[in-house]
S.K.: 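Let me give you the structure first, and then I'll get to my questions.
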Protein chains: 2
Amino acid sequence: MENNSQTKLSTGSISKAIERGMVFSDKCPSREIFKHVTNKWGLLALVALLGGTLRYSDLRRKLQGVSEKMLSQTLQTLEQDGFIIRTAYPVIPPHVEYSLSEMGKEIAIRMETLVDWIEINLPNIMKYKSKIQ
Amino acid sequence: MENNSQTKLSTGSISKAIERGMVFSDKCPSREIFKHVTNKWGLLALVALLGGTLRYSDLRRKLQGVSEKMLSQTLQTLEQDGFIIRTAYPVIPPHVEYSLSEMGKEIAIRMETLVDWIEINLPNIMKYKSKIQ
DNA sequence: TTTGATACTAACTTTTTTGTATGTACTTGT
DNA sequence: ACAAGTACATACAAAAAAGTTAGTATCAAA
C-alpha cells in the first residue's frame with residue numbers, strides 16, 4: 001500500500017540516476033523546500049536579495065505590504081534551508097543584514113527566470129484569458 | 001498613497017524595458033499566475049504533462065494523492081491561463097485528454113528546472129538543516 | 001518625558017487552500 | 001438489477017497560511 005511508484009518521464013533534463021518521481025510522492029521533503037521558495041514572500045525576498053545584501057528594514061520597505069511577522073518568518077525558514085545568511089551586528093539599535101548563500105543564489109536565479117518569463121508573457125496570458133472570458 | 005515604487009534591481013536578466021518591480025507590487029496579476037503554476041498540484045500536472053498527453057484518469061493515477069476535485073480545479077485554472085489544452089471526445093464513457101500548449105511547455109520546462117535543482121540539491125539542504133538542527 | 005528607530009516575538013483572528021463525501025450521467029459487463 | 005468506469009460538480013469541513021495587534025529591549029534625539 002506504499003505510494004512510491006515512479007513513472008519515468010524521460011524528459012531528459014534530469015540525470016538518469018535520479019529518475020524524478022520522488023517529487024510526485026507526497027511526503028518528499030523537496031515539496032517543503034519548494035514551498036518555502038515559491039510562496040509570495042519567499043520568492044520576493046530571494047529576488048530582492050539577488051540585488052545584494054539588505055537589512056531587515058530595507059526588505060520591509062522593498063517587499064511592499066509584508067508584515068514584520070511574515071518577513072521574520074520568511075527569512076527564518078530560508079535561513080534554515082541554507083539559502084539566506086543572517087548577520088547580526090551587536091549594536092544598538094540592532095543591525096541585521098541578510099544576503100544569499102551560494103545555494104541561495106543558485107535557486108534565486110532559477111526563480112527569477114520563472115518570474116521573468118511570467119512577467120514577459122503576462123500580456124499574452126491576460127489577452128488569452130480575456131478572450132475565453 | 002499608491003504602492004508602486006519600483007526599485008531597480010539591475011540583475012541584468014530581464015529586459016530594461018520591463019525593469020521588474022511589478023511583481024513586487026501586491027496586485028500584480030503575475031502573482032496569480034505564479035501561484036497557479038507553483039502550487040502543489042499545478043506543478044505536478046505541468047511536469048507530468050511534459051511527458052506528453054494524458055487523460056484525466058491517467059493524471060489521477062500519476063499525481064498520487066490528488067483528489068478528483070483538486071485535479072479538476074487545477075486543470076481548469078491552468079487551462080484558463082492558457083497552459084493546458086483540454087480535448088474532450090464525445091463518447092461514452094467520457095474521454096478527455098490534457099496536454100501542454102506552447103506557453104505551457106515553456107513555463108513547464110522552467111518549473112522543471114527549479115524542481116530538478118531542488119531534487120539534486122536536496123541532500124545538501126537536508127544535511128545543512130540537520131547540522132543547524 | 002515621550003517619541004522614534006531597530007529587529008524582532010507571541011497570541012490571536014481572518015482568509016485561503018485543501019480535502020472529503022456525495023451526487024450526476026451514461027453505458028457496458030455480470 | 002446492480003456494480004464499475006468515465007469525468008466531472010457541489011456542499012461542507014479541516015488544515016494551513018497569512019495577517020493583525022500588541023509587546024520586548026535599548027539608546028538617542030526632541
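Predicted, not measured: the structure shown is a model, and the values here were computed from it. Below, chains carry the letters A, B, ... as their sequence lines are ordered, and counting in each starts from 1.
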S.K.: What does B/Tyr98 touch in the nucleic acid at a heavy-atom separation under 4.0 angstrom: a base, only the sugar-phosphate, or nothing?
M.R.: sugar-phosphate
S.K.: C/dT14 C1' sits how many Å from A/Met70 CE, rounded?
M.R.: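 About 13 Å, once rounded to whole Å.
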S.K.: So, OP1 or OP2 of D/dG19: does either fall under 4.0 Å of a side-chain N or O from A/Trp41?
M.R.: yes
S.K.: With a 4.0 Å cut-off on heavy atoms, is A/Arg60 in touch with a base, just the backbone sugar-phosphate, or nothing at all?
M.R.: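 It contacts nothing in the nucleic acid.
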S.K.: Please determine whether a side-chain nitrogen of the Lys or Arg among B/Asp58 and B/Arg61 lies less than 4.0 Å from a carboxylate oxygen of the Asp or Glu.
M.R.: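 Yes, this pair counts.
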S.K.: Contact class for A/Gln76 (heavy atom, under 4.0 Å): base, sugar-phosphate, or nothing?
M.R.: sugar-phosphate
S.K.: Side-chain N or O of B/Arg55 versus OP1/OP2 of D/dA7: is the shortest distance under 4.0 Å?
M.R.: yes
S.K.: If you round to the nearest 0.5 Å, how far is CH2 of A/Trp41 from CG of A/Leu46?
M.R.: 13.5 Å
S.K.: Donor-acceptor pair, distance only, cut-off 3.5 Å: does the side chain of A/Asn39 make one with the backbone of A/Gly42?
M.R.: yes
S.K.: Quick check on DNA chain D: between A/Pro93 and B/His95, whose nearest nucleotide comes earlier from the 5' end?
M.R.: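 Here B/His95 is the residue nearer the 5' end.
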S.K.: Determine: side-chain N/O of B/Lys35 to OP1/OP2 of C/dT17, distance under 4.0 Å, yes or no.
M.R.: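 Indeed, a polar side-chain atom of B/Lys35 lies that close.
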S.K.: Mind checking if A/Ser57 touches a base, just sugar-phosphate, or nothing, with heavy atoms under 4.0 Å?
M.R.: sugar-phosphate
S.K.: Among A/Leu43, A/Val37, A/Thr38, find the one that has a side chain to side chain contact (heavy atoms under 4.5 Å, CB included) with B/Thr38.
M.R.: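 Among A/Leu43, A/Val37, A/Thr38, the one that satisfies the side chain to side chain contact (heavy atoms under 4.5 Å, CB included) with B/Thr38 is A/Thr38.
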